[in-house]
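One structure is given below, encoded as structure tokens.
These values consider heavy atoms only, across backbone and side chains, with no hydrogens, waters or symmetry-generated copies. Start at 1 with the first residue, then count along the sequence.
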Amino acid sequence: MRAAKNATVSMMVGIILAMSAPAAWADLSEEQQAYANSSDNLACGIPQESTFKFAIYYNSGLAGSWRMIGYNVYDLDWVRYQPHRSAALRFCGSGAGTPPSGYGEKIKNNAATGDNWHYKYWANVHFNSGYSGPKDSLAPYNDTLYQFAYVYNENASFSWS
């Protein structure tokens, strides 16, 4: 049974790597989307080169640590990364020397700015979990907010529209 689950998870990662987000929403269950969002291999890549198309940053001006998000996130504090296991999404980043500011911090209530690279969908960062409350929205294809107006350091969920 465990081997079958591991094979299924490996297959899911392969499928997720091969597609561009969020165009294949209908093809993935909510659990598979959460698993994809929690994958460091997919979410910690270079923003302009990632298959995930929304970059969220720790500091204003697209500075500090970041994380790529590919699918809706109901609550940035509780994302399923394995069956029956959840964790908060955290900022990542790379480079030589000291990690960028915010590295390893939770994204929930710590994000300052974002960048939408998707060619078709609006990216929405919401004040509350469950896609509610005030939100900052970024238009398709390279719309950037250098500082969130409504959810600056008060962000709890993310959605595409």
### Task
Taking Asp115 for its side chain and Ala55 for its backbone only, find out whether a donor-acceptor pair lies under 3.5 Å.
no
OG of Ser157 to CD1 of Ile69, rounded to nearest 0.5 Å, is 10.0 Å
- With no hydrogens and no angle check, is any side-chain donor or acceptor of Asn124 less than 3.5 Å from a backbone partner on Ser159? yes
### Query
Going by heavy atoms in the side chains, are Phe127 and Pro134 under 4.5 Å from each other?
yes
Query - N/O donor-acceptor pair under 3.5 Å between Asp77 side chain and Ala88 backbone - result: no
is_close_aromatic(Tyr74, Tyr131), centroid dist under 6.0 Å | yes
Exercise. Return yes if a side-chain donor-acceptor contact under 3.5 Å exists between Asn59 and Ser101, otherwise no.
Key: yes
Taken to the nearest 0.5 Å, the spacing of Lys135 NZ from Asn128 CG works out to 12.5 Å
Value for NZ (Lys53) from CD (Gln48), rounded to nearest 0.5 Å, stands at 10.0 Å
- Does any donor atom in the side chain of His126 or Ser132 lie under 3.5 Å from an acceptor atom in the other side chain? no
Do the side chain of Arg67 and the main chain of Phe91 share a donor and acceptor less than 3.5 angstrom apart? no
**Prompt:** Under 4.5 Å between any side-chain heavy atoms of Tyr146 and Ser60, yes or no?
**Reply:** no
Here the pair of heavy atoms bringing Tyr57 nearest to Gly114 is CD1-CA, 4.4 Å
### Query
Between the side chain of Ser129 and the main-chain N/O of Asp75, is any donor-acceptor distance below 3.5 Å?
no
Centroid-to-centroid, Phe54 to Phe158, below 6.0 Å? yes
Minimal heavy-atom distance between Ser65 and Gly102, with the atoms involved, is OG-C, 3.4 Å
Heavy-atom closest pair (Thr144 atom, Leu62 atom, distance to 0.1 Å) is CG2-CD1, 3.5 Å
Discussion item. Could you tell me if the side chain of Tyr103 sits less than 4.5 Å from the side chain of Arg90, heavy atoms only?
Written reply: no
Looking at side-chain heavy atoms only, is the closest gap between Cys44 and Met68 below 4.5 Å?
-> no
| query | Under the 3.5 angstrom rule, does the side chain of Ser50 hit a backbone N or O of Phe52 as a donor-acceptor pair? | reply | yes
So, the side chain of Asn109 versus the backbone of Asn155: is there a donor-acceptor pair under 3.5 Å, distance only?
-> yes
If you group Ile, Leu, Val, Met, Phe, Trp and Tyr by side-chain heavy-atom gaps below 4.5 Å, do Trp117 and Trp66 land in one group? no
Does the Asp143 side chain pair with the main chain of Asn116, one donor and one acceptor, at a distance under 3.5 Å? no
Checklist line | Linked, directly or transitively: Trp122 and Tyr141 (ILVMFWY side chains, under 4.5 Å) | finding: no
Rounding to 0.5 Å, atoms CD (Glu105) and CG (Leu89) come to a distance of 14.0 Å
